[in-house]
Each structure stands twice: as structure tokens, then as C-alpha cells.
**Student:** 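Encoded as C-alpha cells, here's the structure I'll be asking about.
Being a predicted model, the structure only gives us computed values, none of them experimental. The chain is numbered in sequence order, starting from 1.
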Amino acid sequence: MQVVEKKYMTPEELKEHNKPGDLWISIQGKVYNVTDWAKDHPGGDVPITNLAGQDVTDAFIAYHPGTAWQYLDKFFTGYHLKDFNVSEVSKDYRKLWVEFVKMGLFEKKEHVTLYTLSSVVVMFAIVIYGVLSCTSVWAHLGSALLLGLLWMQSTYVGHDSGHYEVMSSRQYNKFAQILCGNCLTGISIAWWKWTHNAHHIACNSLDYDPDLQHIPVFAVSSRFFSSMKSYFYGRYLKFDALSRFLVSYQHWTFYPVLCFARVNLYLQTFLLLFSRQRNVPDRAYNITGILVFWTWFPLLVSCLPNWPERVMFVVASMAACSIQHLQFCLNHFAANVYVGPPSGNDWFEKQTSGTLDISCSSWMDWFFGGLQFQLEHHLFPRLPRAQLRKVSPLVIDLCKKHNLPYRSLSFFEANLWTLKTLRTAALQARDHTIPPQNLLWEAFHTHG
């Protein structure tokens, strides 16, 4: 029997295959050509294009179930990666992942979705009753606040269903995504997958992570002042006079802006779904779901007796839901940032560097949707939220072993850290050694 000699390529040779039209990756030492697969990848093409040309074993096991391994062979190039060393951190991370698989933690969802959806149904019924059957302005205000809480809980189900199957089948899981995302919150699950997967892969990269790219309103780092290019959006984030003015006061405008953050999410949803440049998976389903939201929500608001109450209802519901937008900011704004594409061989280190956990009692887990364990979620995104508190001590031990940061702050402390980060960048934005592009900044700054 003839022995087939293995073919090898070096990590440097693999790096050459990192451009659109030529996308190669390595998983556990085997090299795969995923150029044609990128456009059909369920997680979108962004994770593949960002990580192409390097070993992606840690990212692959984090985001894919065991059944995904069987599909790799058709992409195998015949090459193996030569002289590639796996770090001790990655070895321990993979061992921990294997332990979780053996314990069956990825399958133990503990009916969280059932309980959450049940609470959403009850809250929706109360909101409808409060608007249609009550005449008190306080009842209408309470209904608006409850609707904001409903949006939060519905978003958590949409988030979970985007990372793993929360239902009994893929079809039901997709239905849950459209229902909880598009129909109930008005935010497209397609938009969420597009941005969220990029965020996970390039956690806290200033030029690759869309969750940090909020020019002209916010800037978490002075590096944005050089009008850096966003490789996610494919354009430059221009830091002009208006940006400087807004960023200079961002630590004061932070909370008010968050109260209306949903407006931006609605806009981003429409821009993506009706874009001709991007291939949007399930575009028709997503548009249909959005139409459902923009049917029931305006109708509900129109049932209120007068315009002041209608405005109050919309503003109050968005303000209540802003707590969730705040949580997303607290998890990352004050963490470490970097510039450049993500690297596959320091997966664990990048996640620990770019995330902050929020400490809370277990009875508050429902309120935060499990995302207070942000590092645990980033390391094991397919792990059901019911298991995140249980695995937290193991993640802490692994961080201690390798002298990596594990930061868990109270909700109050996380707010202080975030405001300090925003204030530091705001004061730097006021520095006149960075010349404005026109006189608008100087006029506002002189009188502001």
C-alpha cells in the first residue's frame, strides 16, 4: 500500500491567502480553501474575510457545533500547516471546551427560552390592555415602560437564537429569530448577525469592530481622531468639526443619546435590508417581519388619546429599553482596544482584553439576559445563558493561571469606568493642537 506523503505550507505562505477571492484558513493544522464558501457561510462572510490567512481553530470551535466538522473535508487543500505552535493558553482553552462538551453543557438550555417567551406574551398582553382599556396617563406611561422591558427580553431570545438553536429545529429557530427580532422589536436579525458576528470575531478592534464605531457621536479612543478607516463598513470614519464638538461632550450626552439609540438601529435595519450591494440572507422574511412591527407599533401608539401621550409613550418605551443599550456599552467601552485585524492565535487573550463582566445576584440574571457574563459568553458563544454563571469560576481560574485579566465590576462601577473613558477621550478631543477642519468647532467651543 502506497503511503501518501503530506504536503506542508508555512504560516507565512498561508498569510498570502487572505484577500477576497483567495481565502484560506487552517483548523487544527489542516489548511482549507473557503473562498467559495464565504458567501454562503451562515455566519456571514465577515468572520471569514477577517480571519483568512491564519489558523482559526479557537474561533471555529467557539462558534460551531460538533456536527460542523464533517463538512470541512470538501474544503481541504491537501496542505498541512508547518511549524505552527499552539500556545499554552489555547491548549487550556480547548481542553476546557472539551470538558464542557463531555458535560453536555451546550445542550442544557433549561427552558430559559420558554420562560422568557412566556413573560414576553404576558407583558405584551398587559401593554395592550393598558393602552386600550385604561384612560389614566400613568397607566399609559407604565405600559410604555413595560414595552421597553418586553423589547429587552425579546432581544435576549433573538440574541440566543442567533448563537445556538433555542428551539427544537432549525426552522423553528429561524421563526424565533424573526418573531423576537423583526416582528416584536423592529430590528432585523439579519442586521444583528452581520454586525454581531463581526463584533465577536474582532472584539474591541477600533477599525474592525462595528460596536465601537460610533463617530460622530461617541469615540472611546483618541485614535478615532485621525479619521481611521472602518474595514467593516468599508469607509473612513471622518473626524470633522462636528464630530469633535459632539465627542467633546460625550460624557454628558452619553445617557440621553442612549435613550434614542433604537432610532439608529431602525435606520441601520432599513439600510441593510434595502441595500443592493449586500447579499442579505432571508431578505424577504426579514422585510416581512419588519413590516409586522411597523404595523402593530404605530397602530398601538395611535390608540392613545392625544399627541402628548403618544410622544410620551414612544420616548418612555425607548428610554426603558436604553438600559440594554447601556449594558452593551458597559461590557466593552472601558475595556482595552487595539487597531488592526483580529488574530486567530491569540483568541483567548483578545477576548479577555476586550470585555468586562457585570457582577450581580443570580436573581438578576433574567434582567441582564446572561450577558453580564460577557467574557464567558465571548469565549463560549454557543453556551446557553443558563450555564454561564456555572462556568464562570473555571474561566476565572484559567485567566489567573495565564495572568490574563478577568474584570467583573458592579453595575455602578462599570458606569464609572465607561464615563471615565468617554471623558478622557472628550478632553483629548478639545485639544486645539488637533486642528479643526473648519471654524464650526472654534465657534461652539468658544461659547460652549
Side-chain angles (χ1 to χ4, degrees), residues 57-59 61-63 86-101 103 105-106 108 156 159-160 163 196 199-206 209 211-212 220-221 324 326-338 342-422 424:
T57 303
D58 289 344
I61 66 173
Y63 287 101
V86 180
S87 69
E88 294 301 317
V89 180
S90 287
K91 290 179 182 178
D92 285 342
Y93 168 64
R94 297 174 193 180
K95 289 178 183 177
L96 192 58
W97 177 80
V98 170
E99 287 300 315
F100 292 169
V101 172
M103 295 166 63
L105 296 185
F106 292 100
K108 295 179 179 179
Y156 290 141
H159 172 269
D160 291 348
H163 279 295
H196 195 68
H199 159 68
H200 267 270
I201 292 295
C203 179
N204 272 33
S205 168
L206 294 178
D209 184 355
D211 282 11
L212 292 186
V220 298
S221 170
Q324 188 174 66
L326 172 62
Q327 178 189 349
F328 297 155
C329 295
L330 299 183
N331 288 141
H332 295 285
F333 272 24
N336 300 338
V337 298
Y338 68 99
S343 175
N345 60 3
D346 61 356
W347 171 260
F348 194 98
E349 295 92 322
K350 280 291 195 300
Q351 305 305 322
T352 60
S353 175
T355 56
L356 295 175
D357 279 15
I358 308 297
S359 59
C360 69
S361 301
S362 57
W363 63 272
M364 283 293 288
D365 287 354
W366 70 274
F367 184 78
F368 290 107
L371 297 183
Q372 73 274 26
F373 295 106
Q374 190 69 192
L375 176 56
E376 291 80 357
H377 170 62
H378 266 253
L379 292 174
F380 305 99
R382 292 186 55 256
L383 196 66
R385 66 166 116 153
Q387 308 300 330
L388 294 175
R389 183 175 289 274
K390 299 175 185 177
V391 305
S392 180
L394 300 176
V395 173
I396 293 174
D397 290 341
L398 191 54
C399 289
K400 288 181 178 178
K401 177 180 179 180
H402 295 283
N403 196 28
L404 293 170
Y406 182 95
R407 293 159 294 196
S408 183
L409 308 175
S410 69
F411 188 76
F412 180 73
E413 289 174 326
N415 275 271
L416 290 182
W417 278 42
T418 299
L419 288 175
K420 182 179 179 181
T421 298
L422 293 173
T424 298

**Student:** Once side chain to side chain donor-acceptor pair (under 3.5 Å) is applied, do any residues pair with Ser410, and if so which ones, sequence neighbours excluded?
**Tutor:** Glu413
**Student:** With sequence neighbours excluded, give me every ring-ring contact (aromatic ring centres under 6.0 Å, His included) pair touching residues 368-392.
**Tutor:**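 Every pair satisfying ring-ring contact (aromatic ring centres under 6.0 Å, His included) with a residue in residues 368-392: Tyr93-Phe380, Phe100-Phe380, His159-His377, His163-His377, His199-His378, His200-His377, His200-His378, His332-His378.
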**Student:** Where do Phe348 and Asp58 land on the side-chain contact (heavy atoms from CB on, under 4.5 Å) test, with the steps shown first?
**Tutor:** CA-CA 8 Å; Phe348 194 98; Asp58 289 344; 5.7 Å; no
**Student:** Ser221 and Val337: which non-hydrogen atoms are nearest, and at how many Å?
**Tutor:** CB-CG2, 4.4 Å
**Student:** Side chains of Val98 and Arg94: does their closest heavy-atom pair fall under 4.5 Å?
**Tutor:** no
**Student:** Write out all pairs satisfying ring-ring contact (aromatic ring centres under 6.0 Å, His included) with one or both partners inside residues 381-413, taking only residues at least two apart or from two chains.
**Tutor:**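 Those involving residues 381-413 do not exist here.
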**Student:** Measure across Thr418 and Ala334 and return the closest heavy-atom pair with its distance rounded to 0.1 Å.
**Tutor:**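 That closest heavy-atom pairing would be N-CB, 4.0 Å.
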**Student:** Does Val220 reach the side chain of Leu206, with side-chain heavy atoms less than 4.5 Å apart?
**Tutor:** yes
**Student:** Verify, without hydrogens or angle tests, whether Asp357 (side chain) and Arg407 (backbone) share a donor-acceptor contact under 3.5 angstrom.
**Tutor:** no
**Student:** Taking all non-hydrogen atoms of both residues, which atom of Gln327 and which atom of Tyr156 are closest, and how far apart?
**Tutor:**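 Here Gln327 and Tyr156 meet closest at OE1-OH, 3.1 Å.
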**Student:** So among Val89, Ile201, Thr57, which one has a side chain to side chain contact (heavy atoms under 4.5 Å, CB included) with Trp347?
**Tutor:** Ile201
**Student:** If I compare all heavy atoms of Asn204 with all of Asn336, which pair ends up nearest, and what's the gap?
**Tutor:** ND2-O, 3.0 Å
**Student:** Would you say Ser408's side chain and Ile358's backbone share a donor-acceptor pair under 3.5 angstrom?
**Tutor:** no
**Student:** Glu99 versus Leu394: any side-chain heavy-atom pair under 4.5 Å?
**Tutor:** no
**Student:** Report the C-alpha distance between Leu326 and Asn415 in whole Å, list the side-chain angles of each, state the deciding distance to 0.1 Å, and finish with yes or no for side-chain contact (heavy atoms from CB on, under 4.5 Å).
**Tutor:** CA-CA 9 Å; Leu326 172 62; Asn415 275 271; 3.7 Å; yes
**Student:** Of the non-hydrogen atoms in Cys203 and Gly354, which two are nearest, and what is the gap between them?
**Tutor:**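 Nearest pair, atom of Cys203 first, then Gly354: SG-O, 3.7 Å.
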**Student:** As a quick check of understanding, evaluate side-chain contact (heavy atoms from CB on, under 4.5 Å) for Glu376 and Ser392, giving each step before the final call.
**Tutor:** CA-CA 6 Å; Glu376 291 80 357; Ser392 180; 2.9 Å; yes
**Student:** For Leu419, enumerate each residue passing the side chain to side chain contact (heavy atoms under 4.5 Å, CB included) test, keeping only those at least two apart in sequence or located in another chain.
**Tutor:**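 Partners of Leu419 under the side chain to side chain contact (heavy atoms under 4.5 Å, CB included) test: Phe254, Tyr255.
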**Student:** Tell me, please, which residues at least two apart from Ser205 pass side chain to side chain donor-acceptor pair (under 3.5 Å).
**Tutor:**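 Expected list: Asp207.
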**Student:** Indicate whether any N or O donor in one side chain lies under 3.5 Å from an N or O acceptor in the other, for Thr355 and Gln374.
**Tutor:**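 No donor-acceptor contact under 3.5 Å links the two side chains.
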**Student:** Test side-chain contact (heavy atoms from CB on, under 4.5 Å) on Phe328 and Asp211; report intermediate values, then the result.
**Tutor:** CA-CA 9 Å; Phe328 297 155; Asp211 282 11; over 6 Å; no
**Student:** Applying side chain to side chain contact (heavy atoms under 4.5 Å, CB included), can you list everything that pairs with Phe367, at least two apart in sequence or on another chain?
**Tutor:**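 Residues passing side chain to side chain contact (heavy atoms under 4.5 Å, CB included) with Phe367: Leu149, Met152, Ile323, Met364.
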**Student:** Drop me the distance from Asp397's CG to Asp92's CG, to the nearest 0.5 angstrom.
**Tutor:**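 Result: 11.5 Å between the selected atoms.
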**Student:** Looking only at heavy atoms, what is the nearest atom pair of Cys360 and Asp365, with distance?
**Tutor:** SG-OD1, 4.0 Å
**Student:** One thing to verify: whether Arg385 and Asp160 come together as a salt bridge, which I'm taking to mean a side-chain N less than 4.0 angstrom from a carboxylate O.
**Tutor:**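 Yes, this pair counts.
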